[in-house]
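Written out below as structure tokens is the structure these notes cover.
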Amino acid sequence: MTDESVKGRLPLEIVVSTAAAMRALGRRLAALLRAGDLVILSGGLGAGKTTLTQGIGEGLGVRGPVTSPTFVIARVHPPLVAAGGPMGPGPALVHADAYRLGSSLELDDLDLDADTAISVTVVEWGEGLAEGLAADRLEIAITPIAGGGSPGLDDVHDPGGSESSGDSEAWDGLDGDSPRTVRISGTGERWQDIKLPPADLADRL
């Protein structure tokens, strides 16, 4: 890993050890996100895309629960009244799943554009389909590590310490054993010179 990735500058690659740690990473990402942002998630079944989105939802302070939208295609999670503190609530979360969609035209038919300007939009299985929703976007690829792998310099640890307690909580309802590699990159001016907040930020959200 490069010095830049260790400092949290995008693009970067992180090893995440548990589902709880993946949610903690989502909360860190939420600190970067604002209304109008698009996040495209890629990765196989059970990779942890919904788990990461749950953390993003927690960090944004939206109404839950955040669950996989595979069968409804898209859900809107409005902000909780107190989520924004004295400045009012933060943005809503639009959580979409393009797994059952055959083309970007079908995604267009969902009319997500109506919500993207005032919401953070997260699209699972969106690679190759959702890029047209915004010129500026955050792209996140999640890949299980065969054989468990070994901790990297950017290894993400759950503030609750679940790694050390042997927690085998399921990732998106499937494989709960192998760590994940999470590659985060940004496209467009919005994501130039952006750094991921430090891991202890998740403790404060």
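Counting from 1, the numbers follow the sequence of the chain as shown.
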Donor-acceptor contact below 3.5 Å, side chain K49 vs main chain G44: yes
What heavy-atom pair brings A35 and V120 nearest, and what distance separates the two atoms? N-CG2, 4.4 Å
Give the minimum heavy-atom separation between P91 and S119, together with the two atoms involved. CB-CA, 4.2 Å
Residues that T143 engages under side-chain contact (heavy atoms from CB on, under 4.5 Å), provided they are two or more places apart: R183
Side-chain heavy-atom pair H95, E124 within 4.5 angstrom cut-off: yes
Got a second to check how far L25's CG is from R180's CZ, nearest 0.5 Å? 13.0 Å
Tightest non-hydrogen contact, residues P197 and A31, listed as CG-CB, 3.9 Å
Kindly say whether R63 contributes a backbone atom to a donor-acceptor pair with the side chain of H77 at under 3.5 angstrom? yes
How long is the span from the CG atom in L52 to the CZ atom in R23, to the nearest 0.5 Å? 10.5 Å
Under 3.5 Å donor-acceptor, Q54 side chain and V66 backbone: yes
At their closest point, which heavy atom of V15 faces which heavy atom of P179, and how far apart are they? CG1-CB, 4.3 Å
Which atom pair, heavy atoms only, marks the closest approach of D37 to R190? OD2-NH2, 2.7 Å
From T53 OG1 over to D97 CG, what is the distance, rounded to the nearest 0.5 angstrom? 9.5 Å
Sub-4.5 Å side-chain heavy-atom contact between L138 and L29: yes
Rounded to the nearest 0.5 Å, the CG atom of L12 sits from the CD1 atom of I194 at a distance of 12.0 Å
In Å, rounded to the nearest 0.5 Å, how long is the span from OG of S42 to CD1 of I142? 7.5 Å
Separation between CH2 (W191) and CG (L38), nearest 0.5 Å, reads 9.5 Å
